[in-house]
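The next block holds one structure in the form of structure tokens; read it before the comments.
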Amino acid sequence: PALQTWWNRQGAANGTFNKVLDSLRGFGEYVGDEVVITAAFAPGPNGQMTMQAPVLMAEVKRAGLKEYVQGEFQRFAGSSGSNHVKFLDDPSAAVSDASNDLLVSVSGDMLAITPDAGAMRRMASGMKAESVHAGSPFLSRLQQSYQQGVGFLFAADLGTMSATLAAGSGRDAQARIAPLGNVNYLVVEQRDMGTTTDTHALMTFSGQRQGIFGWLGKPSPMAALDYVTANASAVSGFAVQNPGQVIDDMLNWTSANDPN
């Protein structure tokens with residue numbers, strides 16, 4: 001009763017929240033069960049490699065999505081008539097200007113949404129060059145997760161990202177990414193296992209671990225954990241192979257970032 005009373009007092013805020021919920025329900029009727037958010041590194045205005053704006057993608061399963069999205073954005077814009085959204089028939093020809101904040105493309109059976117025209121163009125060219133990515137080891141690793149079934153999947157090609165940053169940004173960038181060593185992929189998966197949820201993260205390397213990950217020793221008893229209170233909310237612990245190597249690496253990386 002108390003919660004219902006508070007909810008009824010919210011007035012206009014209630015109405016806005018309910019409109020958002022209604023829109024999300026309606027949106028779900030037009031797209032598939034899977035939603036993908038992807039982002040990539042690309043040269044920025046200054047020529048340095050930077051993380052670009054993300055692109056949200058989903059499969060279109062029902063006709064009329066474009067008209068529905070247009071109507072919903074216009075509904076939220078209200079009497080102002082300015083919804084800061086631009087719809088594209090050809091995502092490869094996306095161009096940003098001051099009149100739009102969000103780009104939306106419904107091309108074939110694919111929906112793509114992003115605030116950045118460059119990200120939209122890269123997404124479009126990548127889909128056309130599907131065969132180019134067919135032999136990608138990173139894609140093969142993601143396919144393994146799909147074949148096993150997964151409810152949530154986060155993956156990052158850290159090896160390629162590190163190499164791209166180092167190649168595009170000179171010595172300073174190489175010094176900054178040195179602690180990552182020879183890391184390859186990071187994959188986080190979550191699966192529903194009946195009454196429980198299984199979540200785990202996997203990090204792979206190209207050869208013997210280097211950088212901060214090379215510090216880690218083999219699994220072993222940690223007597224220090226005996227002193228952790230049973231009321232602790234979170235605990236982190238790890239074993240290192242050679243404490244001296246930790247100090248040496250940190251000093252080397254510090255001097256590389258600041259020669260003075």
Side-chain angles (χ1 to χ4, degrees), residues 34-44 46-57 112 114 116 118-123 125-127 129-130 132-191 198-219 234 236-242 245-246 248-258:
E34 180 181 355
V35 175
V36 175
I37 299 176
T38 179
F41 276 93
N46 57 0
Q48 293 188 345
M49 302 300 292
T50 57
M51 178 69 79
Q52 301 299 292
V55 180
L56 182 148
M57 303 172 65
T114 180
D116 182 69
M120 181 69 82
R121 291 194 300 270
R122 283 189 294 275
M123 179 278 304
S125 62
M127 293 181 64
E130 201 172 315
V132 174
H133 306 290
S136 164
F138 183 55
L139 179 58
S140 298
R141 178 59 188 84
L142 298 186
Q143 288 174 336
Q144 291 180 24
S145 298
Y146 275 83
Q147 290 168 359
Q148 297 168 4
V150 63
F152 170 84
L153 175 65
F154 172 84
D157 188 351
L158 298 179
T160 298
M161 291 166 61
S162 297
T164 302
L165 282 173
S169 302
R171 181 178 177 277
D172 290 343
Q174 294 180 26
R176 287 195 297 271
I177 66 174
L180 292 177
N182 59 341
V183 65
N184 205 2
Y185 307 137
L186 169 64
V187 180
V188 181
E189 301 172 330
Q190 184 179 84
R191 296 180 177 87
D198 175 39
T199 303
H200 66 271
L202 174 68
M203 188 169 285
T204 61
F205 302 85
S206 55
Q208 186 174 355
R209 286 181 283 118
Q210 300 174 4
I212 58 176
F213 303 106
W215 299 344
L216 298 177
K218 296 180 180 179
S236 176
F238 54 90
V240 297
Q241 299 187 65
N242 183 353
Q245 186 64 45
V246 175
D248 290 342
D249 285 346
M250 292 181 67
L251 289 175
N252 290 335
W253 295 334
T254 301
S255 62
N257 279 293
D258 185 10

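Quick caveat, the model's predicted, so the values are computed rather than measured.
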Do R122 and T38 come within less than 4.5 Å of each other through their side chains, counting heavy atoms only?
no

Residue pairs meeting salt bridge (charged side-chain N to carboxylate O under 4.0 Å, His left out), one or both in residues 201-216, sequence neighbours left out, come to none

For residues 142-152, which residue pairs qualify under salt bridge (charged side-chain N to carboxylate O under 4.0 Å, His left out), counting only residues two or more places apart or in two chains?
none

Within 6.0 Å of CE in M203, more than 12 heavy atoms from elsewhere:
yes

Side-chain atoms of residues 146-153: list all donor-acceptor pairs with protein atoms under 3.5 Å, sequence neighbours left out, distances to 0.1 Å.
residue : atom : partner : partner atom : Å
Y146    : OH   : E34     : OE2          : 2.4
Q148    : OE1  : R191    : NH2          : 2.9

Using distance only, find each side-chain donor-acceptor pair of residues 180-188 under 3.5 Å and give its atom names and separation, not counting sequence neighbours.
residue : atom : partner : partner atom : Å
N182    : OD1  : Q210    : N            : 3.0
N182    : ND2  : S206    : O            : 2.9
N182    : ND2  : Q208    : O            : 2.8
Y185    : OH   : F138    : N            : 3.2

If you round to the nearest 0.5 Å, how far is CE of M123 from CG of D116?
11.5 Å

About how many Å separate CG of L202 and CD of E189, when rounded to the nearest 0.5 Å?
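Nearest 0.5 Å value for the CD-CG distance: 7.5 Å.
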
Who pairs with Q144 by side-chain hydrogen bond (donor to acceptor under 3.5 Å, both in side chains), at least two apart in sequence or on another chain?
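Q144: no side-chain hydrogen bond (donor to acceptor under 3.5 Å, both in side chains) contacts found.
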
side-chain hydrogen bond (donor to acceptor under 3.5 Å, both in side chains) partners for Q190, two or more places apart:
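Q190 satisfies side-chain hydrogen bond (donor to acceptor under 3.5 Å, both in side chains) with T199 once adjacent residues are dropped.
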
Minimum heavy-atom separation for [X] and [Y], please, with both atom names.
{"X": "A39", "Y": "P54", "result": "CB-CA, 4.2 Å"}
{"X": "W215", "Y": "Q245", "result": "NE1-O, 4.2 Å"}
{"X": "A53", "Y": "A119", "result": "O-CB, 3.6 Å"}

So does G214 get a backbone contact from the side chain of Q241, meaning a donor-acceptor N/O pair under 3.5 Å?
yes

